> 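Take this structure first; my questions come after.
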Amino acid sequence: MANKLINQMGLPKSVANVFAARNITTAKEALSLTEFELMEVLDVSLADVTSAIARISEITCPHYQTALTLMEQRVQKEHMGGHLPTLLKGLDNALCGGIPFGVLTELVGPAGIGKTQLCLKLALLASLPTAYGGLGGRVIYIDVESKFSSKRMIEMGSKSFPDVFHTKGMAQEMAGRILVLQPASLSEFTESLQQLKISLLQNQVKLLIIDSMAALISGEYGQGPARQHLLGWHISFIKSLAEFSRIPVVVTNQVRSQTRDEACQYSFQGQSREKAVEDHTGYDSHLVAALGIHWAHAVTIRLVLDSKSGKRFIKLAKSPISPPLAFPFNITSSGIALLNDDGIELTGPEINSIHCQGHSDIINFDGERF
């Protein structure tokens, strides 16, 4: 707005001509001078200068909005954008309807915790006819680690929606709506992303899943500037896909070992370095999301799938519309099932902590597996 042209601000023509004659053409140039300096430069009266500055300031400065206006805009945006219900009642309630359209939703957790199980169920729900609570659309599933299982998806569908899957030809029809891509390299993955923008609209795609982003980048790059630059491009492009197509975009993220410096840097309680290290060594978890802090800022919803004391939890660790909540869950023949819908409100570092009890295949800090 500072570079907006003065001749486009509706000033009286005589005053606008004076600004132009003195080579003051933008709002920034006019507002950088005091009223008395403008009087001297423009050779006009104080009343004319005051009136012109008021007009320029009114147009240039952003208008304030009330909390009520912002709330109404958000409700309207959510109504137009929509959600993909997960059919996990407590989680859907916390997310005001399910996985939101137009933003990135991240699933992060150790291998074997249930990330792909949830992705399969979401793909199933997006392809489900609208009469049964689905989106009735196509799904693009980018299967980086070849974990996609059509057999498991059919099992989930027949257990969750027996009426639909016992209808002749319905299972085949839904399976035909799910396009699975299995890129063999990072360059192939990047090329697939670039081709998706038009496909999302032409093919009535209702959900994009990337399972998993970390596997490709960790395999070809370390933790240095090259990886961060590459990740920055992917973050921007995937976010633009979500915003452009107004569909839910779900990306899974792996975990890696946490360094001692990170334990100190991201301490929630502001204690000393020595205290942070001492506390950190007492945790049964030294894991963090593999893609790092820049990726964490890019996602709108972060769901941490965690296992502690023999129980699995889905933790709503990041959301603009909900407090941090944890929901205990089991994996059944019909997919992930919450043990209760109330949720446990968490505070402090526990909401973001990731435990590895009973799990392997964790990525360490150098991008290797151990």
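Atoms considered below: every heavy atom in the structure, side chains included; atoms not considered: hydrogens, waters and symmetry mates. Numbers for residues simply follow the sequence, beginning at 1. All figures in this text were calculated on a predicted structure; none of them were measured in a lab.
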> Side chains of I6 and T25: does their closest heavy-atom pair fall under 4.5 Å?
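Not in contact.
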> If hydrophobic clusters are built by linking Ile, Leu, Val, Met, Phe, Trp and Tyr wherever their side-chain heavy atoms come under 4.5 Å apart, do I238 and L179 end up in the same one?
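In one cluster with I238: L179, yes.
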> Checking side-chain contact (heavy atoms from CB on, under 4.5 Å) between L316 and each of I321, L95, V304, which is the one that passes?
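Single pass found, and it is L95.
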> Will you find, in the side chains of R152 and Q117, an N or O donor that is under 3.5 Å from an N or O acceptor?
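Yes, because at least one side-chain N or O of R152 sits under 3.5 Å from a partner of the opposite role on Q117.
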> In terms of hydrophobic clustering (I, L, V, M, F, W, Y; side-chain heavy atoms under 4.5 Å; direct or indirect links), are V49 and M9 co-clustered?
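Yes, V49 and M9 fall within the same hydrophobic cluster.
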> Distance check, rounded to the nearest 0.5 Å: L11 atom CG versus D48 atom CG?
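Going from the CG atom of L11 to the CG atom of D48 covers 10.5 Å.
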> Looking at every non-hydrogen atom in both residues, tell me the closest pair between H83 and G98 and how far apart they are.
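Result for this residue pair: CD2-O, 3.3 Å.
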> Side chain to side chain contact (heavy atoms under 4.5 Å, CB included), that's the test. Do L107 and N253 meet it? Break it down for me.
CA-CA 6 Å; L107 310 179; N253 189 0; over 6 Å; no
> Are side-chain heavy atoms of L200 and I247 found at a separation under 4.5 Å?
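Yes. Closest side-chain heavy atoms under 4.5 Å.
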> Which distance, rounded to the nearest 0.5 Å, do you find between the CG of L124 and the CG of L207?
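Atom-to-atom, L124:CG and L207:CG are 11.0 Å apart.
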> Provide the closest heavy-atom pair for T130 versus G136 in the form atom of the first, atom of the second, distance.
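Answer, listing the atom of T130 first, then G136: CG2-N, 4.1 Å.
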> On a heavy-atom basis, which atom in C119 and which in I209 lie closest, and how many Å separate them?
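Distance-wise, the nearest heavy atoms are O-CD1, 3.4 Å.
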> Measure the spacing between CG of L104 and CD of E243 and express it to the nearest 0.5 Å.
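Rounded to the nearest 0.5 Å, the CG-CD separation comes out at 8.0 Å.
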> Are V15 and P12 packed together at the side-chain level, in the sense that at least one heavy-atom pair is separated by less than 4.5 angstrom?
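Yes, at least one pair of side-chain atoms sits under 4.5 Å.
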> Which atom names give the shortest non-hydrogen contact between V255 and P110, and what distance separates them?
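Closest approach of V255 to P110, heavy atoms only: CG2-CA, 3.8 Å.
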> Mind checking the NE2-CZ spacing from H297 to R302? Nearest 0.5 Å is all I need.
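Reported to 0.5 Å precision, the distance equals 10.0 Å.
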> Taking the six-membered ring for Trp and the full ring for Phe, Tyr or His, determine whether the centres of Y141 and F148 are under 6.0 Å apart.
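Yes - the distance between ring centres of Y141 and F148 falls below the 6.0 Å cut-off.
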> Is it the case that the side chain of N340 and the backbone of D342 share a donor-acceptor pair, with hydrogens and angles ignored and the cut-off at 3.5 Å?
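Indeed, once roles are kept as given, a pair shorter than 3.5 Å links the two residues.
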> Judged by atom type as modelled, is there a donor-acceptor pair below 3.5 Å linking the side chain of R138 to the main-chain atoms of N203?
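Yes, R138 side chain to N203 backbone: donor-acceptor pair under 3.5 Å.
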> So, for A123 and V139, which heavy atoms are closest and what is the spacing to 0.1 Å?
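Where A123 meets V139 most closely, the heavy atoms are O-CG2, 3.6 Å.
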> Could you check if a side-chain atom of T105 sits within less than 4.5 angstrom of a side-chain atom of V251, using non-hydrogen atoms only?
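With C-beta onward as the side chain, the pair stays apart.
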> Distance-only, no hydrogens or angles: does the K318 side chain make a donor-acceptor pair with backbone N or O of T300 under 3.5 Å?
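No, because the side chain of K318 does not come within donor-acceptor range (under 3.5 Å) of the backbone of T300.
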> Check whether any side-chain heavy atom of D341 sits under 4.5 Å from a side-chain heavy atom of L91, and report yes or no.
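They are not in side-chain contact.
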> Apply side chain to side chain contact (heavy atoms under 4.5 Å, CB included) to residues I24 and L38 and explain how you reach the verdict.
CA-CA 10 Å; I24 301 176; L38 280 174; 4.0 Å; yes
> Could you pull out the closest heavy-atom pair between A337 and L88, with the gap in Å?
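Minimum heavy-atom contact is CA-CD2, 4.3 Å.
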> Decide yes or no for E40 and E35: does some side-chain heavy atom of the first lie under 4.5 Å from some side-chain heavy atom of the second?
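The answer is no; the side chains never approach within 4.5 Å.
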> Test of understanding: clusters of I, L, V, M, F, W, Y form through side-chain heavy atoms closer than 4.5 Å, transitively. Do F327 and L339 belong to the same one?
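Different hydrophobic clusters.
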> Regarding Q182 and E188, do their side chains bring together a donor and an acceptor under 3.5 Å, going by distance alone?
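Result is no, nothing qualifies.
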> When you measure from the side chain of R177 to the backbone of S127, do you find a donor-acceptor pair of N or O atoms at a distance under 3.5 Å?
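It does hold such a pair.
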> Rounded at 0.5 Å granularity, tell me how far CD1 in I314 sits from CG in L305.
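It is 5.0 Å, given to the nearest 0.5 Å.
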> Show your reasoning for whether side chain to side chain contact (heavy atoms under 4.5 Å, CB included) applies to L208 and L241.
CA-CA 9 Å; L208 170 62; L241 286 179; 4.2 Å; yes
> According to a hydrophobic-cluster definition based on side-chain heavy atoms being under 4.5 Å apart (Ile, Leu, Val, Met, Phe, Trp, Tyr only), do I154 and I178 belong together?
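Looking at the clustering, I178 is in the same group as I154.
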> Can a donor-acceptor pair be found, under 3.5 Å and without considering hydrogens, that links the side chain of S32 to the backbone of E29?
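Here the side-chain-to-backbone pair exists.
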> State, yes or no, whether a side-chain contact exists between L135 and L125 at a heavy-atom distance under 4.5 Å.
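A side-chain contact is absent here, since even the closest heavy-atom pair is not under 4.5 Å.
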> Can you tell me how far OG1 of T86 sits from NZ of K121, rounded to the nearest 0.5 angstrom?
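Reported value, rounded in 0.5 Å steps: 8.5 Å.
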> Is there a path of hydrophobic side-chain contacts, each under 4.5 Å between heavy atoms of I, L, V, M, F, W or Y residues, that connects L33 with V18?
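As far as the 4.5 Å side-chain criterion goes, V18 and L33 are connected within one cluster.
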> Please determine if E155 and K159 form a salt bridge, counting it only when a charged side-chain N lies under 4.0 Å from a carboxylate O.
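Judged by the 4.0 Å cut-off on N to carboxylate O distance, E155 and K159 do not form a salt bridge.
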> So, does Q195 use its side chain to make a donor-acceptor pair with the main chain of S192 at under 3.5 Å?
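Pair absent, no side-chain N/O of Q195 close to backbone of S192.
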> When you compare the side chain of F189 with that of E191, does any pair of heavy atoms fall below 4.5 Å?
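Answer no - side chains too far apart.
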> So, S57 side chain and I53 main chain: donor-acceptor pair closer than 3.5 Å or not?
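Yes; judged by distance alone, with no hydrogens or angles, the pair exists.
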> Going through the distances and angles, do I336 and N330 end up as a side chain to side chain contact (heavy atoms under 4.5 Å, CB included)?
CA-CA 6 Å; I336 286 178; N330 282 335; over 6 Å; no
